[in-house]
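Both backbone and side-chain heavy atoms feed into the values below; hydrogens, waters and symmetry mates do not.
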Number of protein chains: 2
Amino acid sequence: MKENLLQTSLEPLLDYFNGFIPLSGEEKQLVTKLFKPRLYRKRQYVLQEGDICAQFNFVVRGCLRMYKVDEKGNTHIIQFTAENWWLMDIGSFHLKTPSELNIDALEDTMVFQVSHENLIDLYTRAPKFNLIFRVLIENSFVSLQKRLLQNISSTAEERYLSFMQSYSHLTNRLPQVQMAAFIGITPEFLSRLRNKQVKAKS
Amino acid sequence: MKENLLQTSLEPLLDYFNGFIPLSGEEKQLVTKLFKPRLYRKRQYVLQEGDICAQFNFVVRGCLRMYKVDEKGNTHIIQFTAENWWLMDIGSFHLKTPSELNIDALEDTMVFQVSHENLIDLYTRAPKFNLIFRVLIENSFVSLQKRLLQNISSTAEERYLSFMQSYSHLTNRLPQVQMAAFIGITPEFLSRLRNKQVKAKS
DNA sequence: ACCAGATCAATGTTATTTCTTGATGCAGTT
DNA sequence: AACTGCATCAAGAAATAACATTGATCTGGT
């Protein structure tokens with residue numbers, strides 16, 4: 001019986017950084033030393049409400065979701081993260097306070113993780129990463145803001161359409177229950193919306 | 001979308017300890033304070049190779065397996081653990097060294113966990129637990145040794161029969177792939193063995 | 001040459017997850 | 001009062017994944 005091995009090639013991460021600014025050999029070394037691979041299986045928690053978010057996660061393969069569970073037990077998804085993107089609770093990570101968010105895996109997912117300590121170390125030894133991470137976080141910020149705007153100003157149907165656009169690479173990988181929880185409607189209603197779309201086209 | 005809540009009655013654990021030696025009210029208090037409930041879902045890791053085993057796990061409901069993955073990616077199961085038994089990597093736990101073993105859930109599984117620190121605390125405040133845990137570990141030791149002996153001296157068929165006996169409570173709960181990985185044969189060959197058994201009986 | 005067991009590929013069986021549909025309800029518009 | 005946009009609950013249907021069986025073929029050790 002074979003199990004998933006965590007194959008540990010740092011390549012995708014190095015490629016990612018290189019896409020911003022080429023790294024020196026030494027910097028690659030640093031990354032190699034400070035980032036650790038880790039496999040999460042479907043449904044497994046990466047971060048649980050009440051815990052401190054101790055890692056920056058870079059997804060190499062698979063898909064994560066970050067969400068909040070409200071008092072009624074309803075799940076609200078803040079973000080999906082698949083290949084070559086980052087996910088963490090920045091607030092909890094930097095302030096070292098318990099998170100009120102959850103992160104878990106929607107598929108078996110490989111990530112590279114840096115701890116807080118190691119990230120500081122990285123910044124100190126290779127200041128270039130300040131730039132990289134600044135840009136990276138700015139990007140996240142922008143898309144978050146876009147999502148907020150989108151969200152507060154639209155009907156369910158509009159949100160659905162907008163979601164299909166901005167997450168087009170994921171729309172046939174994600175179960176509809178998850179999309180519904182992102183859009184903020186019930187799976188049943190999403191089903192009806194889709195139905196309507198199909199009919200409208202013909 | 002609703003998520004699973006954990007129900008947290010300590011009863012089974014207290015009963016277990018009481019089965020050794022009756023506990024005082026104070027001792028029960030201690031147990032209540034130092035053990036934490038935790039739910040693992042099917043396929044979820046409890047311990048991952050490379051991590052330090054930080055908890056003693058007492059299974060209340062469900063079933064765990066502890067295994068090692070070799071260089072070829074083959075899984076060798078060391079132990080199954082269901083209701084009212086313990087599981088951990090003792091070595092990693094005590095020496096605080098990275099484990100080379102994995103533990104994961106074969107079913108949704110409820111455990112109570114003590115951390116290293118809390119366990120020491122428990123021993124200090126209620127020395128009676130030294131006895132309890134000594135006996136408990138001796139028991140594990142004995143069955144481990146039995147397994148080893150069984151293993152090095154038998155054919156696959158003998159190992160299968162012996163497994164059916166000593167794990168009789170689990171034989172219709174465990175998938176055969178898992179049993180095969182315990183016995184040390186391929187699932188296909190196990191299937192044939194079982195077939196042979198059935199035929200032999202008629 | 002034979003036996004215990006592996007490997008590979010195909011197929012069958014069950015269980016689990018996901019999706020759809022209908023019935024009904026309810027709070028805000030118009 | 002009726003209509004729209006959504007929720008809730010229950011039941012089935014459809015899709016997928018997990019598990020089991022079987023046949024064919026191979027291998028290393030006696």
Side-chain angles (χ1 to χ4, degrees), chain A residues 1-4 41-44 62-63 65 70-77 80 104-108 151-161 163-164 170-200, chain B residues 1-4 41-44 62-63 65 70-77 80 104-109 151-164 170-200:
Chain A
M1 198 209 178
K2 312 264 172 168
E3 299 278 330
N4 268 347
R41 292 208 286 215
K42 196 175 173 181
R43 306 191 71 200
Q44 189 171 350
C63 185
R65 90 227 237 240
D70 69 20
E71 335 75 49
K72 287 182 191 162
N74 286 97
T75 297
H76 305 277
I77 296 178
F80 296 115
D104 66 12
L106 294 176
E107 306 170 358
D108 290 355
N151 205 275
I152 54 180
S153 65
S154 316
T155 66
E157 186 161 15
E158 289 165 336
R159 277 177 276 138
Y160 165 68
L161 291 170
F163 172 82
M164 292 304 278
L170 288 183
T171 46
N172 30 26
R173 234 168 110 180
L174 293 173
Q176 287 175 211
V177 220
Q178 304 302 339
M179 303 196 213
F182 181 97
I183 297 170
I185 56 178
T186 58
E188 292 94 332
F189 193 64
L190 176 56
S191 174
R192 292 181 232 266
L193 280 183
R194 293 177 68 108
N195 226 306
K196 198 175 137 198
Q197 292 295 127
V198 172
K199 276 178 194 154
Chain B
M1 199 209 179
K2 312 262 173 168
E3 304 278 335
N4 262 351
R41 290 197 290 208
K42 195 176 173 180
R43 295 200 16 104
Q44 196 171 338
C63 184
R65 92 227 238 239
D70 68 21
E71 333 75 49
K72 287 182 191 161
N74 286 97
T75 296
H76 305 277
I77 296 178
F80 296 116
D104 66 11
L106 293 176
E107 306 169 357
D108 289 357
T109 302
N151 206 276
I152 54 179
S153 64
S154 314
T155 67
E157 186 160 18
E158 289 165 334
R159 276 177 277 140
Y160 166 66
L161 291 171
S162 152
F163 172 81
M164 292 305 277
L170 287 182
T171 48
N172 31 27
R173 236 169 106 182
L174 293 173
Q176 289 175 208
V177 219
Q178 304 302 339
M179 303 197 214
F182 180 97
I183 298 172
I185 56 178
T186 58
E188 291 95 331
F189 192 63
L190 176 56
S191 175
R192 291 181 233 267
L193 280 182
R194 294 177 69 108
N195 226 305
K196 198 175 137 198
Q197 292 296 123
V198 171
K199 276 179 193 153

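The nearest whole Å value for the distance from the CZ atom in A:R159 to the C1' atom in D:dG5 is 11 Å. When rounded to the nearest whole Å, the span between NZ of B:K72 and P of C:dA6 equals 12 Å. Rounded to whole angstrom, the span from the NZ atom of A:K196 across to the P atom of D:dT4 amounts to 11 Å. Whole-Å rounding puts the A:I185 CD1 to D:dA7 P distance at 6 Å. Taking atom CG of B:D108 as the reference point, atom C1' of C:dA15 lies 14 Å away to the nearest angstrom. Between the CG atom of B:N74 and the P atom of C:dT7 there is a distance of 7 Å, rounded to whole Å. Nucleotide D:dC19 holds its C1' atom 15 Å from the CD atom of B:E107, rounded to whole Å. Distance CG (B:N172) to P (D:dC19): 16 Å, rounded to an integer number of Å.
Between B:F163 and B:F182, the angle of the ring planes lies from 30° to 60°, which puts this pair in the tilted group.
Residues satisfying the side chain to side chain donor-acceptor pair (under 3.5 Å) test with A:D70, not counting sequence neighbours, are A:H76. Contacts of A:N195 classified as side-chain contact (heavy atoms from CB on, under 4.5 Å), with partners at least two apart in sequence or in another chain: A:K199. Shown here are the side chain to side chain donor-acceptor pair (under 3.5 Å) partners of A:R194, two or more places apart in sequence or in another chain: A:Q176. Residues that satisfy the side chain to side chain donor-acceptor pair (under 3.5 Å) test with B:S154, not counting sequence neighbours, are B:Q150. Every residue two or more places apart in sequence or in another chain that forms a salt bridge (charged side-chain N to carboxylate O under 4.0 Å, His left out) with A:E157 is listed here: A:K196. Take B:R192 and apply the side chain to side chain donor-acceptor pair (under 3.5 Å) test, not counting sequence neighbours, and it matches no residue. Take A:E158 and apply the salt bridge (charged side-chain N to carboxylate O under 4.0 Å, His left out) test, not counting sequence neighbours, and it matches no residue.
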Listed pairs, N/O of protein and of nucleotides 16-23 of chain C, under 3.5 Å:
unit_1: C:dC19; atom_1: OP1; unit_2: A:Q176; atom_2: N; d: 3.2
unit_1: C:dC19; atom_1: OP2; unit_2: A:Q176; atom_2: N; d: 2.6
unit_1: C:dC19; atom_1: OP2; unit_2: A:V177; atom_2: N; d: 3.4
unit_1: C:dT20; atom_1: OP2; unit_2: A:Q176; atom_2: NE2; d: 2.9
unit_1: C:dT20; atom_1: OP2; unit_2: A:S191; atom_2: OG; d: 3.3
unit_1: C:dT21; atom_1: OP2; unit_2: A:N195; atom_2: ND2; d: 2.3
unit_1: C:dG22; atom_1: N7; unit_2: A:R192; atom_2: NH1; d: 3.1
unit_1: C:dG22; atom_1: O6; unit_2: A:R192; atom_2: NH2; d: 3.0
unit_1: C:dA23; atom_1: N6; unit_2: A:R192; atom_2: NH2; d: 3.4

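Test A:K42, A:R43, A:R41, A:R173 against A:E107 for side-chain hydrogen bond (donor to acceptor under 3.5 Å, both in side chains) and you get one pass: A:R173.
The B:A156 side chain lies nearest to C:dG5 when the options are C:dG5, D:dA7, C:dT7.
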Generate the contact string for nucleotides 24-30 of chain C. Rules: B means base contact, S means sugar-phosphate contact only, - means no protein heavy atom under 4.0 Å. -------

